[in-house]
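Take a look at the structure set out below.
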Amino acid sequence: MFSERTFQAQIIQNEFQQSLHAKDLEPGTNTRGNIIKRKMKDYFTLFLETSSIHGLNHLVASKRHPFEVLLWLTIVALSVFGALYLSRATWTRYQSSPTVLSMDRDMFAWNTTFPCVTICPNSKLDAKKLRAYVQSSSEPDKETLTKFIIGISNATYETFDTIPVYDGIPADKYVELVLNLSASFKPTLTIGATGISLNIIPTITEMGLCYAVNSKVAIYNSPAAANRWDRVVVHNSTFYIHPLDGEVFAQVINLSTSYDVYLHGPLEVPDISTRHQHSAEDFYMKLYVTALTVYTSSEAAKLSVAQRRCRFLHENILQHNSVYTYTMCRMECRIRLCLKYCKCIPHFYRRIGDEKTCDIRGLHCLYQYKDELYKLQDKSGKKINCGCFPICDDVNYVIQSNVLQEWFLGTNLQWGIVTYPRMRYRRDIIFGFTDVLVAVGGMAGLFLGCSVLSFMEIVYFLTLRLICYTHRSASK
């Protein structure tokens with residue numbers, strides 16, 4: 001086969017040289033422009049005759065009827081289109097959905113993340129501090145000032161309209177005022193595991209001042225880190241439990257007020273749309289949950305964000321936070337909408353640049369768009385595209401039992417895991433780059449009968465072979 005193709009190439013070369021010599025003898029054909037055009041045509045013909053891509057040699061074969069040439073040109077064009085179309089579809093699949101969620105079922109082969117809780121007291125202010133502040137104020141309308149401070153401390157998108165108009169306190173001082181007048185939150189925290197130390201972290205949320213337990217990201221919205229925009233080092237490691245540990249509980253004792261509690265993973269924070277449980281004062285709430293974990297394999301983690309459709313904590317694109325979480329991304333989306341609707345943002349968000357904090361009139365303006373801001377939907381009900389992906393290593397909790405009983409010893413909260421999850425989800429690659437190469441190679445072989453060497457032939461003819469041909473032609 002090799003000797004046959006060598007012989008064919010030699011015949012073609014001889015024919016080219018003879019035709020070149022004959023054309024050089026014709027009068028009026030030895031101008032520089034005609035010579036260059038003729039040599040380019042001859043070189044292109046040489047490529048088509050010797051290429052291993054099927055069908056190209058029929059385009060320049062001698063003594064072919066024009067209809068035959070047109071037929072083969074159509075066939076080759078359709079083959080190229082088919083190969084490119086299906087290859088593009090393969091590449092699109094690799095870029096958009098190369099991953100799959102599969103299930104792990106050996107419950108003893110992994111640890112389960114202990115749930116984090118965020119506790120939002122319903123009475124956020126200390127009555128004595130508030131009374132002393134109002135009495136020392138020069139404001140004559142003490143009642144309006146009191147209602148204003150209470151309204152600011154409990155302000156959410158759903159209650160902005162209940163805050164009375166008061167201009168005696170600048171908008172950028174609202175958070176500082178609430179923190180100074182906040183009630184002391186020092187309950188007793190216990191955990192049913194040895195060697196574990198959990199901390200209570202105050203954090204500013206869309207529900208006001210709250211307190212997080214076992215959270216790794218609440219510190220980024222903490223008053224203590226208000227002016228920090230770098231990654232905060234968290235010294236306590238994630239609290240994991242295993243089915244062999246049995247039932248594990250944590251409890252907060254002596255809360256001294258009614259509260260709302262939000263259950264979520266340690267790498268998330270709650271927002272206004274997160275489901276919560278409410279407990280009145282002097283009640284004992286017991287929440288028993290199970291976990292639903294999604295983690296990303298090391299191979300899938302190497303893909304781009306658009307391919308795996310999730311983000312890790314360090315892959316931050318947010319402007320108002322140092323790390324990325326799904327809920328923080330939704331909060332930033334609300335910030336953009338607030339700036340769009342009313343040219344300001346609520347006081348419980350971190351400001352950057354020249355962003356303006358909403359005064360009372362600004363909060364009343366935002367209340368008119370509370371449904372859009374709460375649901376992140378426009379007036380027609382269409383979901384607003386915030387570009388938020390879930391975090392790659394996520395855990396959600398399903399409440400199996402919620403017991404609320406009256407308790408004469410105070411207001412307490414207990415939560416933990418009784419039933420361990422029997423499966424977890426793994427995000428893994430189902431269609432990798434090797435599969436792309438195999439699929440594209442198959443398309444090229446099916447439609448054009450070519451391989452990688454065929455494409456290397458094209459590179460060869462455009463580089464080394466072209467240089468040699470040009471040099472030999474110039475020397476003759």
Side-chain angles (χ1 to χ4, degrees), residues 145 148-149 151-182 202-210 217-232 269-273 305 311 313-379 384-389:
L145 177 58
F148 168 79
I149 297 175
I152 285 295
S153 67
N154 295 303
T156 66
Y157 287 106
E158 296 177 324
T159 62
F160 284 160
D161 65 322
T162 63
I163 306 175
V165 176
Y166 182 77
D167 298 324
I169 300 175
D172 56 359
K173 298 295 183 181
Y174 289 171
V175 174
E176 181 181 349
L177 175 65
V178 172
L179 293 176
N180 291 335
L181 301 182
S182 62
T203 179
I204 305 296
T205 69
E206 293 180 336
M207 295 74 68
L209 178 61
C210 300
V217 294
I219 185 65
Y220 294 100
N221 291 324
S222 172
N227 295 319
R228 291 192 59 174
W229 298 94
D230 57 336
R231 292 285 300 272
V232 179
V269 295
D271 67 353
I272 191 65
S273 63
V305 174
R311 287 185 181 275
L313 204 67
H314 63 275
E315 296 175 328
N316 184 34
I317 58 170
L318 308 180
Q319 297 181 350
H320 292 78
N321 289 97
S322 303
V323 294
Y324 178 89
T325 75
Y326 175 72
T327 307
M328 286 182 178
C329 181
R330 287 171 57 88
M331 291 165 63
E332 182 142 320
C333 187
R334 291 191 180 97
I335 291 176
R336 293 195 296 268
L337 292 176
C338 291
L339 293 171
K340 175 183 176 181
Y341 293 147
C342 300
K343 312 299 181 185
C344 63
I345 63 174
H347 55 278
F348 43 69
Y349 291 133
R350 301 175 77 181
R351 290 189 304 117
I352 59 173
D354 57 352
E355 291 177 346
K356 177 185 175 183
T357 302
C358 292
D359 57 11
I360 297 303
R361 293 171 182 81
L363 297 179
H364 288 176
C365 172
L366 292 177
Y367 179 77
Q368 302 175 18
Y369 304 95
K370 65 181 180 69
D371 291 334
E372 291 94 321
L373 294 169
Y374 179 84
K375 301 177 182 178
L376 291 178
Q377 297 176 351
D378 57 23
K379 293 183 179 180
I384 297 174
N385 183 17
C386 296
C388 296
F389 288 128

Is any side-chain heavy atom of [X] less than 4.5 Å from a side-chain heavy atom of [Y]?
X: L366; Y: C358; value: yes
X: L313; Y: T325; value: yes
X: I152; Y: V175; value: no
X: I204; Y: S222; value: no
X: P270; Y: T327; value: no
X: Y174; Y: P346; value: no
X: M331; Y: I272; value: no

Is it true that a side-chain atom of [X] and a backbone atom of [Y] form a donor plus acceptor pair closer than 3.5 Å?
X: E372; Y: D378; value: no
X: E332; Y: Q319; value: yes
X: T205; Y: G208; value: yes
X: N321; Y: V323; value: no

Original post:
Around atom CZ of R336, are there more than 12 heavy atoms of other residues, nucleotides or ligands at under 6.0 Å?
Top reply: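 Yes, the 6.0 Å shell around CZ holds more than 12 heavy atoms from other groups.
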Atom pair [atom1]/[atom2] of [X] and [Y] - distance to nearest 0.5 Å:
X: H320; Y: I352; atom1: NE2; atom2: CD1; value: 4.0 Å
X: R330; Y: L373; atom1: CZ; atom2: CG; value: 11.5 Å
X: C365; Y: I360; atom1: SG; atom2: CD1; value: 13.0 Å
X: R334; Y: K340; atom1: CZ; atom2: NZ; value: 15.5 Å
X: D371; Y: L376; atom1: CG; atom2: CG; value: 11.5 Å

Original post:
Can the positive tip of R311 be found less than 6.0 Å from the middle of the six-membered ring of Y324, inside 45° of the ring normal?
Top reply: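 Yes; both conditions hold, so R311 lies above the ring face of Y324.
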Original post:
Can E158 and Y367 be said to form a side-chain hydrogen bond (donor to acceptor under 3.5 Å, both in side chains), step by step?
Top reply: CA-CA 7 Å; E158 296 177 324; Y367 179 77; over 6 Å; no
Original post:
Is the distance between the ring centroids of Y166 and F148 less than 6.0 Å?
Top reply: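 When the ring centroids of Y166 and F148 are compared, they turn out to be within the sub-6.0 Å range.
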**OP:** For the pair D172 and K356, find out whether any cationic side-chain nitrogen is under 4.0 Å from an anionic carboxylate oxygen.
**Re:**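 No, D172 and K356 are not salt-bridged.
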Original post:
Would you say C344 and C338 have SG atoms less than 2.5 angstrom apart?
Top reply: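 No; the two sulfurs sit 2.5 Å or more apart.
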**OP:** Measure the distance from the SG of C333 to the SG of C386 and say whether it is below 2.5 Å.
**Re:**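 Between C386 and C333 there is a disulfide, given that their SG atoms are under 2.5 Å apart.
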**OP:** Test side chain to side chain contact (heavy atoms under 4.5 Å, CB included) on Y374 and Y157 and set out the steps.
**Re:** CA-CA 7 Å; Y374 179 84; Y157 287 106; 5.5 Å; no
Original post:
If you take all heavy atoms of M328 and V269, which pair is closest and at what distance?
Top reply: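 Scanning both residues completely, I find the closest heavy atoms to be CG-CG2, 4.0 Å.
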Original post:
Among side-chain atoms of H347 and E176, is any donor-acceptor pair under 3.5 angstrom?
Top reply: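 Looking only at side-chain atoms, E176 and H347 do not form any donor-acceptor pair under 3.5 Å.
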Subject >> Short side-chain donor-acceptor distance under 3.5 Å, Y349 and E355 >> reply: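 Note: E355 and Y349 side chains miss the donor-acceptor criterion.
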